[in-house]
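Input: a single structure, listed below in structure tokens.
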Amino acid sequence: MAERRLSASLDADERCTVVQGIKRLGWWMFLRTTMLGRGIRSELENFSLFVETSILHKALGEEMREVVLTVEDDDSGMHLVTHVTDPPDPLENTRNIATLMRHIGVKKIKLDTRLEANQFANVVEILWGLRNRLYRLSPDGCDAAVREIITPPGKRVACTLTRLDPETGTLVIRYSYCEMVFSRAVKTFKERTTNLFRDHRAFFRAAPRGAFVALLISGLPYIILAFTPGLGMLGYALIFCAAVATCGTIASLTFLTFQTIGSIEYDKEQQAWELQQAYKELSRAHRTLEADLDIARLIQRKLIPDEKDAPFPGHVAIATSFEPEMQVGGDYFDFKALDDSLLAVIIADVSGHGMSAAFITGLIKTAFELAGDERRTPAVFVKDLNRRLCGMIPIGSFATLFYAVYNVRTREMRYVDAGHNPPVMLVGGNGEAITPLNKDGGMVTGVLADMSYEEAAVHLEPGDKVALVTDGVTEAHGLDRTELYGADRFHKVLADNIAEHAGVMRDRLLASVKEFEQGVSPTDDRAVVILEVLK
């Protein structure tokens, strides 16, 4: 109801003047001490402190820009909906705040993680003062204060930019930089005296002259007063003392003012110069890094084979996709003919992102290419690869992988699953169900050098497909970042496309993930390999 009334009153509200809005908004200080009762004020102080210390600081530490609070429907208060790790329990006593938010049509509150408790409290206090106007507006009335809050970009309150969207019921409170009074005074003074004071040196040079002029101007009344007849020695003495005190004070303050402004300008100029130099260095380093990353991206792309070059085209078809989160990534897949009947396939997911993860994928590629007969036996190959990685990668890094050797003549596939997630799925042909190849072959590689691995075997039939993906698929985030794509959606796409060829299944899986993300940027590397048995 509140949202409809707000929307209906916007046209009439456009006739409001800014002066009227400022006058109405000025009552909030009075409302804070009168209409804002002790109960809700105490509740607001406690809740604001809880939001800052238990929620915003935690989210800021996780490099989040905002958190979202939602208002419950049962008058029980508020609860947190965010990606903050281990979110704290909601404050129990928030009934009055939740009632106020529902009263003005607020369903969600988006808070900038840089906000402080007093800023949040001040915004709520203003909303309390305007609550009836936000809920019930006369069609012929005008309220510039409300108009500022419900229209972009919002109302500046306590160094925040606050806006209530009446259509979605979302209250957005953003941190906003506020200039201090003295800063504005200096800025205004500089704008009006541009021709006189071009830099800090001009202020320093003008300080003695300014003090002298102030001395003359302030001393002029005392000079005139000294010519008044009949003052006597005591009168002249008092005038002299007053003149010295007044003129000296004014001249000193004028001198200090010029010196202070000059010092401020000097600091600003020095900071601007240092910032410019740092920006140049940063830009140079950024260009170098971007060039290196472009080369690394091209190299990594060459490490990953083209599906058009897949061996045994009459026996198997392979459809692939590789999407790194950054220029380079930690996902890797490969395939290779070991002889005239054996096809080796590997997919790996390295911990971390970027250059460090890409370097480890290069090590796996090297081992895959240079290994000899041990590639024919998955357990032996993975054990040897694990030993090499343990001796070369830092502690804390590891790689999950799935390695398989498929015999195109016997249609037997032997494989090792070294902690790979999500599990590799066998998609049966002829309308059969999908099943996981979840034989646990051993722990992830790169952790324990003497780890042994066990292999398993499965017999494939024409039409069967083996789907290998990395967790960048199943852990894709939706628009609200509170839900993951998940294994269920992954399995459903496979099940719905059992009869399709590998390339079609790959395309529909990627399209499904993109549709779920709704434009959200990926937070992990993403690799897909679909192996289809043709005959």
Side-chain angles (χ1 to χ4, degrees), residues 330-335 338 342-352 357 360-361 363-364 367-368 371 374-391 393 395-407 410-428 432-461 464-475 484-492 494-495 509 524-531 533:
D331 285 3
Y332 165 73
F333 63 83
D334 210 337
F335 44 80
L338 302 182
L342 295 181
L343 169 66
V345 179
I346 185 173
I347 187 169
D349 186 357
V350 178
S351 61
I360 298 177
T361 64
L363 297 177
I364 299 175
F368 181 73
E374 62 267 24
R375 285 179 302 191
R376 298 172 180 269
T377 308
V380 175
F381 171 74
V382 176
K383 180 178 181 179
D384 184 68
L385 173 62
N386 173 66
R387 179 180 57 81
R388 294 175 183 272
L389 290 179
C390 288
I393 66 177
I395 296 176
S397 296
F398 61 88
T400 70
L401 63 86
F402 181 92
Y403 177 72
V405 176
Y406 175 65
N407 191 317
T410 64
R411 294 201 295 270
E412 181 186 52
M413 185 175 75
R414 304 190 66 82
Y415 63 90
V416 168
D417 187 338
H420 189 70
N421 183 54
V424 174
M425 305 302 297
L426 173 60
V427 184
E432 297 179 5
I434 62 173
T435 56
L437 299 179
N438 57 357
K439 170 65 177 179
D440 184 10
M443 69 180 300
V444 298
T445 60
V447 179
L448 297 177
D450 58 349
M451 183 68 189
S452 296
Y453 294 86
E454 297 181 6
E455 63 184 56
V458 62
H459 185 78
L460 304 179
E461 297 292 340
D464 288 350
K465 287 174 281 291
V466 180
L468 306 90
V469 302
T470 56
D471 57 7
V473 172
T474 54
E475 295 182 4
L484 301 180
Y485 184 77
D488 291 341
R489 290 185 177 87
F490 171 49
H491 297 162
K492 186 176 186 306
L494 299 182
L509 173 61
D524 198 359
D525 307 319
R526 188 174 299 162
V528 176
V529 177
I530 308 292
L531 172 68
V533 178

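Given the structure is predicted, the values throughout are model-derived calculations rather than measurements.
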Problem set entry | Nearest heavy atoms of Ala357 and Ser351, plus distance in Å | CB-O, 3.9 Å
Exercise. Are side-chain heavy atoms of Glu455 and Thr377 found at a separation under 4.5 Å?
Worked result: yes
Problem set entry | Smallest separation among heavy atoms of Glu412 and Ala457, with atom names | OE2-CB, 3.9 Å
For this session: Assign the ring pair Phe381 / Phe368 to parallel, tilted or perpendicular, where the plane angle (0 to 90°) is split at 30° and 60°.
Result: perpendicular
For this session: Heavy atoms only: give me the nearest Ser397-Ile360 pair and the separation to one decimal.
Result: CB-CD1, 3.9 Å
Exercise. Side chains of Ile364 and Val350: does their closest heavy-atom pair fall under 4.5 Å?
Worked result: yes
Problem set entry | Donor-acceptor contact present, side-chain Thr474 to main-chain Ala487, <3.5 Å | no
Exercise. How close do Phe398 and Val447 get, heavy atom to heavy atom, and via which atoms?
Worked result: CB-CG2, 3.9 Å
For this session: Search all heavy atoms of Ile346 against all heavy atoms of Tyr403 and return the closest pair with its distance.
Result: CB-CD1, 3.8 Å
Problem set entry | For Tyr406, the option from Val466, Val458, Val533 that meets side chain to side chain contact (heavy atoms under 4.5 Å, CB included) | Val533
Exercise. Can you tell me how far the CG atom of Leu401 sits from the CG atom of Asp349, to the nearest 0.5 Å?
Worked result: 10.0 Å
Exercise. Any side-chain heavy atom of Thr470 within less than 4.5 Å of one from His420?
Worked result: yes
Exercise. So, Arg414 side chain and Ala379 main chain: donor-acceptor pair closer than 3.5 Å or not?
Worked result: no
Seminar exercise, completed: Rounding to 0.5 Å, atoms NZ (Lys383) and CG (Asp450) come to a distance of 8.0 Å
Problem set entry | Check against side chain to side chain donor-acceptor pair (under 3.5 Å), Tyr332 and Asp334 | CA-CA 7 Å; Tyr332 165 73; Asp334 210 337; 2.6 Å; yes
Problem set entry | Derivation and outcome, side-chain contact (heavy atoms from CB on, under 4.5 Å), residues Ile530 and Val427 | CA-CA 10 Å; Ile530 308 292; Val427 184; over 6 Å; no
Problem set entry | Closest non-hydrogen atom pair, Glu475 against Asn421 | OE2-ND2, 4.5 Å
Exercise. Under the 3.5 angstrom rule, does the side chain of Arg411 hit a backbone N or O of Leu460 as a donor-acceptor pair?
Worked result: yes
Exercise. Is there side-chain contact between Asp471 and Pro422, with at least one heavy-atom pair below 4.5 Å?
Worked result: yes
Exercise. Between Lys492 and Asp488, is the closest basic N to carboxylate O distance under 4.0 Å?
Worked result: no
For this session: To the nearest 0.5 Å, tell me how far Asp525 CG sits from Asp331 CG.
Result: 4.5 Å
For this session: Can you measure from CG (Leu437) to CZ (Phe402) and round to the nearest 0.5 angstrom?
Result: 5.5 Å
Exercise. How many angstroms lie between CG in Asp417 and CG in Leu468, if you round to the nearest 0.5 Å?
Worked result: 9.5 Å
Seminar exercise, completed: To the nearest 0.5 Å, atom CG of Asp440 lies from atom CD of Glu454 at 8.0 Å
